[in-house]
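Single-structure report; data block below.
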Amino acid sequence: MTLTFTVTIHENGMLLRDFLRRRGVSSSLMRNVKRAGGFRCEGNPILANQRVEQGKTIQFALAPEPSTHVMPQQLPVSIVYEDEHTIVFDKPAGQTVHPTRGYSEGTLANAYCGLMQKRGEENPVFRPVNRIDKGTTGLVLCAKNRYAAPILAQSVQKIYYAVAQGELPEESGVIDTPIALAHGSIIERCVCGYGQPSRTEYTVLAKGGGHTLLKVVPVTGRTHQIRVHFSSIGHPLAGDDLYGGSTQYMERPALHCGQMTFFSPACSMPRQVSAPLADDMKALLLQCGIPKEALEKKQQE
């Protein structure tokens with residue numbers, strides 16, 4: 001893939017290295033491009049310490065990368081958004097993002113590599129910017145190349161929707177407590193003093209039937225953060241039996257990544273994408289007597 005940038009009036013006279021940083025090219029990518037063939041200005045070689053001129057075009061090719069050794073599989077996928085640098089999937093419950101010891105096939109990584117291979121890409125590299133648990137549904141943002149990955153990672157903002165057990169008394173709140181791996185476990189997390197700083201902000205959208213529909217923003221991105229935080233305040237997510245939730249209505253955590261905003265290198269403006277609640281979460285809300293208007297409010301928030 002070859003990238004082309006045109007120097008603007010505000011960038012006239014910049015050193016090439018500063019121009020590239022302004023355009024989101026990381027230092028490691030600059031080194032990689034230099035080893036692979038270097039940068040060109042109007043077709044001629046240009047060095048990092050040379051200055052760029054308004055109206056000139058700067059080009060460089062992204063070098064091929066080693067395969068991620070993920071087996072490509074032709075699996076059904078739901079694509080919410082796509083451009084030359086970015087792709088966003090709506091992941092169903094029960095699918096893992098990455099292959100693991102117990103799930104080497106059927107993952108989103110397998111599906112992505114199969115999709116790209118079908119389109120003619122020989123060694124696709126799976127680069128998810130965010131990761132969600134096997135039982136969590138919703139949006140997974142992926143970078144198609146190493147240039148886009150840090151730009152997407154630095155700009156993405158995520159909104160989750162969750163159904164917690166019990167009716168939270170506040171209309172909004174913050175859970176700001178550290179999270180660490182639980183003693184003796186390789187999976188379970190817990191709130192404890194020696195953990196990593198973790199912050200979750202939430203807004204109550206509706207209550208009913210002993211449950212609360214929440215809009216949740218994980219300011220940090222710890223493993224199981226939302227699940228652990230709500231369990232720690234006595235309101236585990238419905239269906240989340242790992243953290244004290246009941247499986248009476250659902251057999252997975254009632255958690256959905258429903259909205260994202262991010263800057264893609266292909267767009268001059270931020271992109272916002274969304275994915276509707278999974279059917280089992282909708283059914284849970286209806287069983288709890290939370291009206292349809294609450295779902296509509298969720299989509300507008």
Side-chain angles (χ1 to χ4, degrees), residues 1-74 77 79 81-89 97-99 107-131 140-156 262-271:
M1 181 179 189
T2 299
L3 300 179
T4 302
F5 302 114
T6 301
V7 181
T8 68
I9 187 171
H10 302 292
E11 296 163 331
N12 184 52
M14 282 186 175
L15 295 177
L16 175 63
R17 68 169 67 94
D18 296 330
F19 169 80
L20 292 170
R21 288 195 188 102
R22 179 185 175 94
R23 294 305 184 96
V25 181
S26 66
S27 296
S28 62
L29 181 54
M30 286 188 213
R31 291 192 294 269
N32 179 271
V33 171
K34 184 178 178 180
R35 290 192 296 267
F39 300 93
R40 292 186 174 274
C41 175
E42 301 291 324
N44 300 310
I46 182 173
L47 302 177
N49 61 357
Q50 291 182 272
R51 298 190 182 276
V52 298
E53 298 178 31
Q54 177 188 353
K56 302 289 187 180
T57 57
I58 305 297
Q59 291 184 315
F60 61 93
L62 297 175
E65 297 183 66
S67 171
T68 52
H69 304 293
V70 174
M71 180 176 68
Q73 290 183 289
Q74 302 300 314
V77 290
I79 299 173
Y81 171 81
E82 184 174 9
D83 61 38
E84 62 183 308
H85 296 282
T86 308
I87 188 166
V88 183
F89 297 100
V97 173
H98 278 289
T107 71
L108 189 60
N110 296 117
Y112 174 85
C113 290
L115 175 66
M116 292 300 147
Q117 188 179 73
K118 185 177 180 180
R119 294 178 177 180
E121 190 171 332
E122 292 185 4
N123 295 304
V125 178
F126 182 58
R127 299 180 186 81
V129 173
N130 69 305
R131 296 167 177 82
V140 178
L141 171 66
C142 302
K144 289 184 176 180
N145 55 66
R146 63 184 304 178
Y147 165 64
I151 296 173
L152 293 171
Q154 291 165 14
S155 66
V156 66
F262 55 87
F263 283 94
S264 170
C267 305
S268 59
M269 299 292 289
R271 299 291 306 189

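What you see is a predicted model, and the numbers here were worked out from it, not measured in a lab.
- The line from CD1 of I87 to OH of Y81 is 11.0 Å long, rounded to the nearest 0.5 Å.
- Residues C142 and R127 are not in side-chain contact: their nearest non-hydrogen atoms beyond the backbone lie 4.5 Å or more apart.
- Take P150 and apply the side-chain contact (heavy atoms from CB on, under 4.5 Å) test, not counting sequence neighbours, and it matches Q154.
- Residues forming a salt bridge (Lys or Arg N to Asp or Glu O under 4.0 Å) with E82 (at least two apart in sequence, or on another chain): R119, K144.
- No option in V52, L20, L3 other than L20 meets the side chain to side chain contact (heavy atoms under 4.5 Å, CB included) test with F39.
- Smallest separation of non-hydrogen atoms from R51 and G13: NH1-O, 2.7 Å.
- A 6.0 Å sphere centred on CD1 of I9 holds no more than 12 heavy atoms belonging to other residues, nucleotides or ligands.
- Between D83 and C267 the shortest heavy-atom distance is OD2-SG, 4.1 Å.
- Under the 3.5 Å distance criterion, with hydrogens and angles disregarded, no donor-acceptor pair is assigned to the side chains of Q54 and T8.
- A distance of 7.5 Å separates CZ in F263 from CE in M269, rounded to the nearest 0.5 Å.
- Taking both residues in full, the closest heavy atoms of E53 and V7 are given as O-CB, 3.1 Å, listed atom of the first, atom of the second, then distance.
- Closest of all the heavy-atom pairs between A109 and P99 is CB-CD, 3.7 Å.
- Taking 4.5 Å as the limit, some side-chain heavy atom of P128 sits within range of a side-chain heavy atom of H98.
- M14 places none of its side-chain heavy atoms less than 4.5 Å from the side chain of R21.
- Between F89 and I79 there is a side-chain heavy-atom pair separated by less than 4.5 Å.
- Summarising the geometry, atom CG belonging to L62 is positioned 8.0 Å from atom CG belonging to N32; distances are rounded to the nearest 0.5 Å.
- From T6, atom OG1 reaches atom CD of Q59 across 9.0 Å, with rounding to the nearest 0.5 Å.
- To the nearest 0.5 Å, atom CG of residue N49 and atom CZ of residue R17 are 5.5 Å apart.
- Between atom NE2 of residue H85 and atom CD1 of residue I151 there is a gap of 8.0 Å, rounded to the nearest 0.5 Å.
- Across all their heavy atoms, Q50 and P45 have their closest contact at OE1-O, 4.4 Å.
- Smallest separation of non-hydrogen atoms from V156 and A153: CG1-O, 3.8 Å.
- By the salt bridge (Lys or Arg N to Asp or Glu O under 4.0 Å) test, R146 is found to be paired with no residue, residues two or more places apart in sequence or in another chain being considered.
- Residues V25 and F60 are in side-chain contact: their nearest non-hydrogen atoms beyond the backbone lie under 4.5 Å apart.
- Aromatic ring orientation, Y112 versus F126: tilted (interplanar angle from 30° to 60°).
- Q74 places no side-chain N or O within donor-acceptor distance of the main-chain N or O of L115, the cut-off being under 3.5 Å.
- Proximity of T86 to L141: side-chain heavy atoms (C-beta onward) are separated by under 4.5 Å at one or more points.
- Two residues are said to be in side-chain contact when any heavy atoms from C-beta on lie closer than 4.5 Å; R40 and I46 fail this criterion.
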